[in-house]
Number of protein chains: 2
Amino acid sequence: MIQPRPRTIPEATVARLAVYLRVLTALGDGGRSTVSSGELAAAAGVNPAGLRKDLSHLGPCGVRGVGYEVATLHDRISRVLGVERSRGCVLVGMGNLGSALADYAGFGTRGFEFVGLFDAAPDRVGQSIGGHTVQPMDALDEVVAATQASIGVITTPAEVAQSVCDRLARAGVRSILNFAPVPLAAPPGVDVRKVDLSVELQVLAFLGQQRLGAAAPLAPVEEPA
Amino acid sequence: MIQPRPRTIPEATVARLAVYLRVLTALGDGGRSTVSSGELAAAAGVNPAGLRKDLSHLGPCGVRGVGYEVATLHDRISRVLGVERSRGCVLVGMGNLGSALADYAGFGTRGFEFVGLFDAAPDRVGQSIGGHTVQPMDALDEVVAATQASIGVITTPAEVAQSVCDRLARAGVRSILNFAPVPLAAPPGVDVRKVDLSVELQVLAFLGQQRLGAAAPLAPVEEPA
DNA sequence: ATGTGTGAAGATTTTCACAGCA
DNA sequence: TGCTGTGAAAATCTTCACACAT
């Protein structure tokens, strides 16, 4: 049996494919039928050559001298990312951030479906958010088992994030997205991805300050002797 | 005049420095006075050698054979990241996500201060979130000018994100953090950093699915019947 | 002995340049 | 001619191994 493509697509590429997919959807809705790599790259905010390299991981999918067919490329990327199959997600920690995610309609069209919202606080249990009712933590194992949810999202305070991670893993969740500002350890076979909002702000601020420093090199940090 | 250090710290390193800083704060609060690179790395979820390499960008700041002094290292990183100087941030788009950010206390201790919350919807204007009152978009220029805010955060729907970006840039904001799922163009001198929550989920899901595919190579792509 | 600081090797990602096909 | 697909070069980031200070 031949290996038609190397089964490994670089992670950086996968992230960009998701962006291209969004742009293609918008383009298709706008009635466009073809795009060039230059145009698509501009709309996605990346370098054209890089975009072509990314797409090359999916095999040839454009027409030389012409460009890409919007609908075809959209389908191809959808297939690779697995957008078609709906994936159940459970969300733990229904504070502001959790509520924001539960309410965000954009996930539905990307193959994600929230199948359970959980919180430890009794006064949050029973609330309805984004069409779902918040359930107590006790119900977690049962819901994960019943819905075969494969993804868990943690939006709890940092202090309890690890214990929530453990519970999710034990319940059978295989992939975890962690918004709590703390690194999590998970058993082998479960992978954790982290999003740290304050780190993003910090990096942004540093780059801005660095840029200023380069432009007006005054008071160069004054090393403490 | 000599160049004591190359003024450029890799972006990846900056992101991790922010994480180390958080760990060091926790460690200091716990009464610890010294740490080794191994221990700090474990707490931050990174490789020890990488951590040392990261810190090497700040110049020598440990004691060989002993480790790092928690308080000293904390100060050094704070200095470099510019945590000391308070930076004004304005936030545009007070939906769920905007509210979550405005309410998150963690930013204050990292040198960020929200100095203005804005929304275009009349019924959101006047609400109080995280100790601030939501203001109409008309007030934006004035507030940015008065507070010298240097950072803008966009948590609006995608459709209006570009126009908000333009307004922020015109008002004098130099750094923008964009949560809207659309790439933004900004004038030179303004840098934009993007956080795309649905992309994070998509990457996580893909990696999970890829892992499964590798583990149990059944039904290679099997069209949905 | 112990753990930092760092040059060098290795892996990954980005960019370039151009061959090849419509 | 115009734009895709791709090897090769460049830049970047990570990991290793060990000299060196305490």
Side-chain angles (χ1 to χ4, degrees), chain A residues 4-20 24 27 32-70 72-74 76-77 80 183 199 203 206-207 210, chain B residues 4-20 24 27 32-70 72-74 76-77 80 183 199 203 206-207 210:
Chain A
R5 293 265 125 209
R7 194 50 49 112
T8 58
I9 299 179
E11 184 171 323
T13 292
V14 173
R16 284 186 299 259
L17 286 178
V19 176
Y20 305 154
L24 286 167
L27 235 39
R32 279 294 289 284
S33 64
T34 62
V35 255
S36 67
S37 66
E39 201 174 354
L40 189 51
V46 303
N47 174 306
L51 179 139
R52 293 200 299 276
K53 168 86 62 189
D54 284 340
L55 295 184
S56 77
H57 291 282
L58 318 182
C61 45
V63 182
R64 299 190 183 214
V66 177
Y68 302 92
E69 205 176 333
V70 173
T72 309
L73 187 55
H74 183 283
R76 180 78 74 95
I77 297 178
V80 170
V199 166
V203 171
F206 177 84
L207 295 177
Q210 186 176 243
Chain B
R5 293 266 126 210
R7 194 52 47 114
T8 58
I9 299 178
E11 186 171 322
T13 292
V14 174
R16 285 186 298 259
L17 286 177
V19 175
Y20 305 154
L24 285 167
L27 235 37
R32 280 294 289 282
S33 64
T34 62
V35 254
S36 67
S37 66
E39 200 175 356
L40 190 50
V46 302
N47 174 306
L51 179 140
R52 292 200 301 273
K53 171 79 76 185
D54 284 339
L55 295 184
S56 77
H57 292 281
L58 318 181
C61 44
V63 181
R64 298 191 183 211
V66 178
Y68 302 92
E69 205 176 330
V70 172
T72 308
L73 187 54
H74 183 283
R76 181 76 75 96
I77 297 178
V80 170
V199 166
V203 172
F206 178 83
L207 295 178
Q210 188 175 242

Sequence neighbours left out, what passes side chain to side chain donor-acceptor pair (under 3.5 Å) with Tyr20(B)? Give chain and number order. Asp54(B)
Find the distance between [atom1] ([X]) and [atom2] ([Y]) and round it off to the nearest 0.5 Å.
X	Y	atom1	atom2	value
Glu11(B)	Gln210(A)	CD	CD	9.5 Å
Leu17(A)	Leu51(A)	CG	CG	8.5 Å
Leu55(B)	Cys61(B)	CG	SG	5.0 Å
Leu40(B)	Thr34(B)	CG	OG1	11.0 Å

Which residues pass the salt bridge (charged side-chain N to carboxylate O under 4.0 Å, His left out) test with Arg64(B), not counting sequence neighbours?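 Here no residue qualifies.
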Please give, in whole Å, the distance from [N] [atom2] to [X] [atom1]?
X	N	atom1	atom2	answer
His57(A)	dT12(C)	NE2	P	12 Å
Leu55(A)	dT6(D)	CG	P	11 Å
Leu58(A)	dG5(D)	CG	P	10 Å
Leu51(A)	dC16(C)	CG	C1'	16 Å
Leu73(A)	dT4(D)	CG	P	11 Å

What I'd like to find out is whether the side chain of [X] reaches to under 4.5 Å of the side chain of [Y], using heavy atoms alone.
X	Y	result
Val19(A)	Val46(A)	no
Tyr68(A)	Leu24(A)	no
Ser56(B)	Arg52(B)	no

Name all pairs fulfilling the salt bridge (Lys or Arg N to Asp or Glu O under 4.0 Å) condition that reach into residues 32-42 of chain B, sequence neighbours left out, sorted by first residue then second. Arg32(B)-Glu39(B)
In numerical order, the residues of residues 33-40 of chain A whose heavy atoms come under 4.0 Å of DNA chain D are Ser36(A), Ser37(A)
Determine yes or no for a side-chain-to-main-chain donor-acceptor pair under 3.5 angstrom, with Arg76(B) supplying the side chain and Leu58(B) the backbone.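 Indeed, once roles are kept as given, a pair shorter than 3.5 Å links the two residues.
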Taking only nitrogen or oxygen atoms into account, show me every contact under 3.5 Å that the protein makes with nucleotides 9-13 of chain D, one pair per line with its distance.
none

Starting at the 5' end of nucleotides 15-22 of chain D, put B wherever the base has a protein heavy atom under 4.0 Å, S where only the sugar-phosphate does, and a dash everywhere else. BBB-BBBS
